[in-house]
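Report on one structure; see the data block that follows.
So you know, we letter chains A, B, ... as the sequences are listed, proteins then strands, and number each from 1.
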Amino acid sequence: MKITVESKSGSCAFQCGGNETILYAGLREGLNLPYECATGTCGTCRARVMSGEVEMRWKDAPGAKKLKPDKGDVLMCQTRPISDCLLRVPSDIAATDGNRPTSRRGVIRDIRKLTNDVAHFDLYLTEPMDFEAGQFVVLEADDLPGGRAYSMVNFDNSAAKVAFVLKRKPGGGFSDWLFARGKDEVQVEVFGPLGKAVFRPEEAKNIVCIAGGSGIAGMMSILEHGTRSGHFEKYKGAVFFGVRTLSDAFYVETLARYVTASNSKLHVTIALSHEEAKTPTHPNYPTLRLASGMVHDVAAETMKGRYENAVVYVAGPPVMVDITIRALIMGGVATSDIRYDKFS
Amino acid sequence: MAWKRICGADEVPENTAKKFDIDGIPILLVNYGEGYRAIPPICPHMEEPLEQSGVIVRCVLTCTKHLWSWDLKTLEMKGETEKPLKVYDVKHENGSILANIEEELAYEFDDAEEEDDDFFK
């Protein structure tokens, strides 16, 4: 089916199958349609259907709350066409130069528990994928509809295997379901890479990462890329990793390895929100600093007046991301130097 | 002309914003230190409530949800912001802030709809 999208910057058209969403079809064609979460929660990919028939996949998507359905408003990430369609999108649209996202199949193997409620898993792709450090993919299991976004933890060109962090949430359907699979292989549909909160060494800037819990996932990819490309030989890095207690921290060995490789140009602080830090540094990895308090407070205090020539990456629970971004703007960080992907 | 009193000049501290209901029209009054702006209380991007989502620093209003921002002195759009702020004229008189409210200002789905419906044709 032919989808025509009118935007402030002109009109464009692409083909969309009956089983894919309009957003994914457009992104696959290399258009920068507006989106952030790509999974129905944020509302950024709203559009107005001017003509043609569509169906909304997930009618109660949280991101659809503010839409005006009587005017034909839809979320493109949840909309499949039934006929040729004409849509209007309230932003500028152009062709992008980045990696075009596409659909692949994959098999999840090796789900490995990292802490009480966090696991690591590997996904083996049928076709390798190029992605940028900080990007994510949407996974959908065959027998559990609805996509979930996961940031890549590793960084490789033409990656045949990608790694993710899985946070078990109370009542979190997909994570419960995946945790229960244990050692079984799980077949999934993979769409990606997605996301704009990416690290590009050629920007030649210092890096600050502020992560809450499993938000560290994308930062690990950024740190891996930064370490391997020699970024920290020239530029500073500061990582703030917020967890409830020391036993909730994970990837500490890897983080310590990045610090060592950087010749101390990279500083990592683990902020404990629900217990006092008993020692100034990690008992087993003394290159990692410990601090007590909420991660955004610890970051703000440590970084005060030191954001010069820095790009700041933020990821974590929505409330933590909101407070952190507010603190960064108040701290004088330019909006163009703040990178995050909104999942709510 | 319909100049209406919003509040006393000391009711909205510097670098804050406060929402008022003026005869049924919601108005967000922003004190950016060098002056005041009276605007609709929602972000033109995704209708976030600017009283909560907005931050005012150095005369720039930023919606923290998606980082759209505007220079409050010149109303210039900053960064990746794609829509201008709509504003009511304001004046400072005898210790009060007044706004000229003819009708409620609102943001449409896209600019083309309100300004030039032939935009795409």
Exercise. Can you establish whether the number of heavy atoms outside Lys2(A) located under 6.0 Å from its atom NZ is more than 12?
Key: no

Self-check item: Over 12 non-hydrogen atoms of neighbours within 6.0 angstrom of NZ in Lys73(B)
Solution: no

Practice problem: Of all the heavy-atom pairs spanning Lys83(B) and Lys8(A), show the shortest one and how long it is. | Solution: CG-NZ, 4.4 Å

Exercise. State, yes or no, whether a side-chain contact exists between Asp322(A) and Lys65(B) at a heavy-atom distance under 4.5 Å.
Key: yes

Exercise. Rounded to the nearest 0.5 Å, what's the gap from CD on Glu47(B) to CZ on Arg46(A)? Could you check?
Key: 6.5 Å

Quiz prompt | Separation of Cys42(A) SG from Met46(B) CE (nearest 0.5 Å) | solution = 6.0 Å

Quiz item: Do you know the tightest heavy-atom contact between Met330(A) and Val55(B)?
Solution: SD-CG1, 3.4 Å

Quiz item: Counting only heavy atoms not in Glu202(A), do more than 12 sit closer than 6.0 Å to its CD atom?
Solution: yes

Practice problem: Kindly determine whether Leu67(B) and Ile325(A) satisfy side chain to side chain contact (heavy atoms under 4.5 Å, CB included), including the steps that lead there. | Solution: CA-CA 9 Å; Leu67(B) 305 183; Ile325(A) 287 170; 3.7 Å; yes

Quiz item: Does a sphere of radius 6.0 Å around CE in Met77(B) hold more than 12 heavy atoms from other residues, nucleotides or ligands, not counting ones at 6.0 Å or beyond?
Solution: yes

Quiz item: Is the shortest side-chain N to carboxylate O distance from Lys71(A) to Glu108(B) below 4.0 Å?
Solution: no

Practice problem: Could you tell me whether Glu14(B) atom CD has more than 12 heavy atoms of other residues or ligands within 6.0 Å of it? | Solution: yes

Quiz item: Minimum heavy-atom separation for Ile329(A) to Val57(B), with atom names?
Solution: O-CG2, 3.8 Å

Exercise. Side chain from CB out, backbone as N, CA, C, O: work out which of these in Ile338(A) comes under 4.5 Å of a heavy atom of chain B, or both, or neither.
Key: both

Quiz prompt | Closest non-hydrogen atom pair, Ser91(A) against Glu82(B) | solution = CB-OE1, 2.8 Å

Quiz item: Does Asn94(B) CG have over 12 foreign heavy atoms under 6.0 Å away?
Solution: no

Exercise. State whether the number of non-hydrogen atoms from other residues, nucleotides or ligands found under 6.0 Å of Glu55(A) atom CD is greater than 12.
Key: yes

Quiz item: So which heavy atom on Arg326(A) is nearest to which on Gly54(B), and how close?
Solution: NH1-O, 3.5 Å

Practice problem: Mark yes when over 12 heavy atoms from residues, nucleotides or ligands other than Arg5(B) sit less than 6.0 Å from its CZ; otherwise mark no. | Solution: yes

Quiz item: Would you call Val60(B) and Thr335(A) a side-chain contact if the rule is heavy atoms closer than 4.5 Å?
Solution: no

Exercise. Name the region of Gln52(B), side chain, backbone, both or neither, that has any atom closer than 4.5 Å to a heavy atom of chain A.
Key: backbone

